[in-house]
Protein chains: 2
Amino acid sequence: MKTLRLTSSDRAILLNSRFFSRLPRTAAEAILEGAHVSTHEEHDTLFRQDDPIDDVLVVLSGLVRLYRLGKDGREADIAVFQKGEVIGVNTMFLDRRATANAQAAEPSIIARLESRKLHQLAAEDTGVAQALLELLCHHGKLTEDCLAEDRLLTAPQRVANYILSHCPIGSESFSFRLPFQKNVLAGKLGLAPEALSRAFSTLRQSGVVVKGRVIEIRDRQALEQF
Amino acid sequence: MKTLRLTSSDRAILLNSRFFSRLPRTAAEAILEGAHVSTHEEHDTLFRQDDPIDDVLVVLSGLVRLYRLGKDGREADIAVFQKGEVIGVNTMFLDRRATANAQAAEPSIIARLESRKLHQLAAEDTGVAQALLELLCHHGKLTEDCLAEDRLLTAPQRVANYILSHCPIGSESFSFRLPFQKNVLAGKLGLAPEALSRAFSTLRQSGVVVKGRVIEIRDRQALEQF
DNA sequence: GTCGTGAATTGACCCGCATCAAACAACTTT
DNA sequence: AAAGTTGTTTGATGCGGGTCAATTCACGAC
């Protein structure tokens, strides 16, 4: 891993991200001031549970998995972050210690923002605070969704849900490419890879065709009522 | 359900709550201005998923269960709120629609704060925003904890965890009274009531004695390593 | 105290998914 | 083309916990 300054394309990615685009421009600039960039290989650990955290991370490219460890060493994914998503805001307002482990799930480029500075800006500028509030609410909702899905849905239902969430409204049949390995998807859905595979083959009878990373949906209705 | 103004003891409960105590005093006063109170019987519904929400709720007494419904009518608890806890902040910064159902799990008294006003105060006063940020981070962490527990721990382990979280540090044996029905605890832990019961009887061999709502712990060590 | 009602427990059974092992497939490497 | 390497699928098996039914228990009303 090496640390660099931001390139102009890095800046562009950041400024277009969901979070930055809600930030007052001056604040966005101020935060970018102290930003650095690091590159990581697959399986690199970005931080570990209970580590003291001084930076907020933003994924510029690649994929980051956030997970907790059980006593027996098993891993439970809490969240998966893609390009433009922000990691570690929670930490900033708690005790500054990570509540989970973060690991690159593919080769990744990560922007690191000083959380002290961001925290301070939030204390000075309600626009910044507002953006953070929206970000946290959004994260919170995703986690809640996840929890509810775990408790209410079977494996094929979760997968059907995931597929539908990638389906443009109105279209009856369509196809898309998984944004990451099935491995990672399984973790995100709280499944073992084998269970994901079996779920896909169950869904075949509802018009889901899987070819490598490409998912094709032939009958949206059937999926919805699964 | 009937709606009233705040009594002075209501005010006291609010001002001592985790959230209000972090609020600038003037802001706290301002919010209390427009506050109302409602009383509810057990099983009363406070709001339903997708309902438009105009108030943030604070539990003055009793207990509120937040849950989602599955297609088949099964319920999955997202969170349980006790005295002094705040419900519906997420909603305020999203699309103002409830992401879950809320129901009184026992006879309850609820304070209702105008979320418009709170939102506005947050936009004017970074102190208010700060308090909200901390609140959201805290909620977020609890939900994450829940998700991780669901995925990593068996029923007896979750129960052991719950018990330990109520154990004052340092004491080797102690006892406490469950703050709500086992029913509710089961839901909170993502278990059927029967599973909770079985978990308790599994833990008996580790020195846990259950008498009605009172839990007695004889051997903390044994619990921790479960 | 007795009674009655809802909560909690226990037993029997079954389903979903984790786990382990092995076969396959898609890519690299040589 | 052959041999790894890594990701994915398939099969066999076992455990955890959900569900249904039947008691038993706890607690408030009387």
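A note on names: the letters A, B, ... follow the listed sequences, proteins ahead of strands, and every chain is numbered from 1. Atom set for the values below is all heavy atoms of this structure, side chains included, hydrogens, waters and symmetry mates excluded. What you see is a predicted model; the values in this text were computed from it and never measured.
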Describe the nucleic acid contact of Arg213(B) in one word from base, sugar-phosphate, nothing, applying a heavy-atom distance below 4.0 Å. nothing

Asn183(B) has an atom CG; how far is it from atom C1' of dC27(D), in whole Å? 16 Å

Looking for any heavy atom pair under 4.0 Å, which part of the strands does Leu196(B) touch: base, sugar-phosphate only, or nothing? nothing

Decide yes or no, distance alone: a donor-acceptor N/O pair under 3.5 angstrom between the base of dG16(C) and the side-chain of Arg198(A). no

Check every atom of dG16(C), dG7(D), dG18(D) against the side chain of Gln181(A) and return the nucleotide holding the closest atom. dG7(D)

Worked check of ring-ring contact (aromatic ring centres under 6.0 Å, His included) between His139(A) and Phe19(A): CA-CA 12 Å; His139(A) 269 172; Phe19(A) 173 60; 9.7 Å; no

Expressed in angstrom and rounded to an integer, what is the separation of Phe226(B) atom CZ from dG16(D) atom P? 10 Å

Between dG6(C) atom P and Glu106(B) atom CD, what is the distance in whole Å? 18 Å

In terms of side-chain geometry, is the basic nitrogen of Glu144(B) or Arg68(A) positioned less than 4.0 Å from the acidic oxygen of its partner? yes

N-O pairing of Arg74(B) and Asp72(B) below 4.0 Å: yes

Roughly, in whole Å, what's the span from CZ in Arg74(A) to P in dG16(D)? 11 Å

Position toward the 5' end of DNA chain C (nearest nucleotide), Ala192(A) or Ser201(B): Ser201(B)

Here the distance between atom P of dG16(C) and atom CZ of Arg158(A), to the nearest Å, is 12 Å

Distance test, side-chain N/O of Lys182(A) to OP1/OP2 of dT9(D), below 4.0 Å: yes

Starting at atom NZ of Lys211(B), determine the distance to atom C1' of dT9(C), rounded to an integer number of angstrom. 16 Å

To the nearest angstrom, the CZ-P distance between Arg151(B) and dA18(C) comes to 10 Å

So that I can tick it off, tell me whether Asp54(A) and Arg112(A) are bridged by a salt bridge, with the cut-off set at under 4.0 angstrom between side-chain N and carboxylate O. no

Please pick, from dC20(D), dT8(D), dT19(C), the nucleotide with the shortest atom-to-atom distance to any side-chain atom of Glu194(B). dC20(D)

Please report the distance, rounded to the nearest Å, between CG in Asp150(A) and P in dG16(C). 16 Å

Atom CZ of Arg218(B): over 12 foreign heavy atoms under 6.0 Å: no

